[in-house]
Amino acid sequence: MFVYLINILSICLYALFFCRGRNAELKISKILFLVLAFTQCAVISIMRSNIGTDYVMYFNGFKEMAQSGFSNMKHEDWEIGYILLNKIIGIFTDRAAVLFAVTTIISLAGPFYLILRYSKNYFMSVFLFLNTYLFYLTMNYIRQGIAMSIMCFAYGFMKNCDLGNGKKLWKDKNMWLFLLLVAVAATFHLPVVYMIPVFFISFIKLNWKTLPIYAVGLIVYFATSDFILDKLLSHFHQEYADSRFINNGIAFYYAIIPLIICVAMIALAFFLKFKLSRSLNLLIHLTLMMGFWQIVMTKHALFERFSYYTMIYLIIAVPEAIYAFKEKLVERSQNADTENSSDLHESKKIKPKKHAHLAECSVEKKSNRIVVTVSSAVLVLMFAYNMLGLIVPKYGAHGVLPYKSIYNLSIPDIDGWFKR
């Protein structure tokens, strides 16, 4: 646990220098912050040894595939893209540490790009990535981590897909590029094809009439899930049939904070009177999809994986939501000041230009205080969520505790302080 807490603390310290004051306005400062943060995460992941519940499976799988060469292109139920990656690395070395280094870089490249290209707040995005188990996932669900990274590059195509002015969807190159990336990601983790229906659902304009779709979907799912799963697992992935992943769910307290964020997103949509940009409409959909699967996984643990495919976008959704909230606060305050300005001029004889300047400063300070309060609450909640995942499970979320290094470094063991 010591390594992960130091990682978070040091990234917070980097943010004090690179993400505040004048530095926050410089693109180079933001890039340097991200490079430092993700390089540090990469080092932690690359240097790990026997970290993650699936570590041994991937370790042994690589050894077997490296030895068999290209004569056998099948292994377990793994997808061809991941098998091919193992085979190519196996040409040069049979050291599993090299495989984990390569998969780490690929898995972190997508989130790095997503934050760099689309985040309204680099520090908050990185903080969310570290505290929502997404970083731990890349050290455990390796195939899914790669697929999720690829989907980070697909976000722009989702956002830019345009159906306005009677434009036909199939004539938009963004849709085809999105589908191409899904196809590539599916060669590493097939369940990523779930993002195709998510893509089409995201075009639904959110309003008080369409929001209940998610509630109806939950009710239908809980009523029919056992029957549907029995049918599906009789033909696909039969190893999951009657397993603990199907018969058992994940504890509900893991879903509480993600669901709080979902409720906050719905409240924001009402606050904005559903006047949402394409990007915000899309991100709220993705957040609600995450919440949907967070509830579903309390019945069937297997569906935790579906939740992560939309949770990855939370790292840019929350900063964008806070930005939209601030913009609306400023707009409302300015409108109120405009309505009262004539009375103020007469009663206190303040010149219009001077009043406008004072009002603007007042609005900015008020909105900044509110945004700082909201942002702080988000950071506290997400850190609490992280600690929940590290303290409650015996070996931490995704089995990342205790941290061990391939170089047998002497790392302070503080896990016991929290797990008494």
Side-chain angles (χ1 to χ4, degrees), residues 1 50-58 60-61 76-79 131-145 147-148 189-195 197-198 214-262 287-312 314 384-402 415 418-419:
M1 192 178 299
N50 202 18
I51 295 294
T53 53
D54 290 348
Y55 181 92
V56 173
M57 177 183 72
Y58 283 115
N60 293 335
E76 302 290 339
D77 61 344
W78 294 356
E79 293 80 2
N131 288 279
T132 51
Y133 314 153
L134 292 168
F135 175 49
Y136 306 146
L137 178 146
T138 64
M139 295 191 286
N140 184 32
Y141 295 164
I142 294 177
R143 286 161 32 239
Q144 181 167 3
M148 287 169 58
H189 195 239
L190 187 59
V192 74
V193 297
Y194 144 74
M195 290 302 295
V198 170
Y214 288 96
V216 172
L218 273 176
I219 294 171
V220 171
Y221 169 80
F222 271 90
T224 62
S225 62
D226 293 326
F227 172 78
I228 293 173
L229 285 172
D230 284 343
K231 292 296 182 183
L232 286 175
L233 295 176
S234 64
H235 300 285
F236 306 100
H237 286 284
Q238 296 178 9
E239 70 276 10
Y240 284 120
D242 203 33
S243 70
R244 61 185 177 88
F245 298 103
I246 298 300
N247 296 332
N248 299 329
I250 294 174
F252 181 74
Y253 48 73
Y254 287 112
I256 292 176
I257 292 179
L259 291 177
I260 289 174
I261 294 177
C262 289
T287 304
L288 294 178
M289 284 285 183
M290 173 202 69
F292 178 93
W293 292 113
Q294 286 282 312
I295 296 176
V296 166
M297 73 187 194
T298 63
K299 186 176 182 183
H300 303 297
L302 181 67
F303 291 103
E304 176 191 23
R305 307 235 175 177
F306 286 93
S307 175
Y308 280 124
Y309 275 118
T310 43
M311 182 182 280
I312 187 64
L314 200 68
Y385 187 62
N386 185 10
M387 295 306 294
L388 174 73
L390 290 176
I391 294 173
V392 175
K394 183 177 180 180
Y395 298 109
H398 291 286
V400 296
L401 295 178
D415 297 2
F418 298 91
K419 290 178 175 289

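Just so you know, these numbers use all the heavy atoms, side chains as well, and skip hydrogens, waters and symmetry mates.
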Review point. Would a distance-only check, ignoring hydrogens and angles, find a side-chain to backbone donor-acceptor pair under 3.5 Å from Glu304 to Ile250?
Key: no
Practice item. For this output row, return yes or no: ring centroids of Phe303 and Phe306 closer than 6.0 angstrom. Key: yes
Review point. So do Leu259 and Phe252 actually touch side chain to side chain, heavy atoms under 4.5 Å?
Key: yes
Point to revise | Ring-ring centroid check Tyr308 His398, cutoff 6.0 Å | key: yes
Exercise for review: Using atom types as modelled and distance alone, determine if a side-chain donor or acceptor of Asn140 lies under 3.5 Å from a backbone N or O of Asp54.
Suggested key: yes
Point to revise | Backbone of Gly389 reached by a side-chain donor or acceptor of Tyr133 within 3.5 Å | key: yes
**Study point:** Distance-only side-chain donor-acceptor flag, Tyr194 / Trp293, under 3.5 Å
**Key:** yes
Check your understanding: Any side-chain heavy-atom pair from Met387 and Met1 closer than 4.5 angstrom?
Key -> yes
Review point. Donor-acceptor pair, Glu79 side chain versus Leu190 backbone, under 3.5 Å?
Key: yes
Check your understanding: Between Tyr395 (side chain) and Pro402 (backbone), is there a donor-acceptor pair under 3.5 Å?
Key -> no
**Study point:** Phe222 atom CZ, over 12 foreign heavy atoms within 6.0 Å
**Key:** yes
Review point. What do the steps show when you test Arg305 against His189 for side-chain contact (heavy atoms from CB on, under 4.5 Å), and what is the final call?
Key: CA-CA 10 Å; Arg305 307 235 175 177; His189 195 239; 3.7 Å; yes
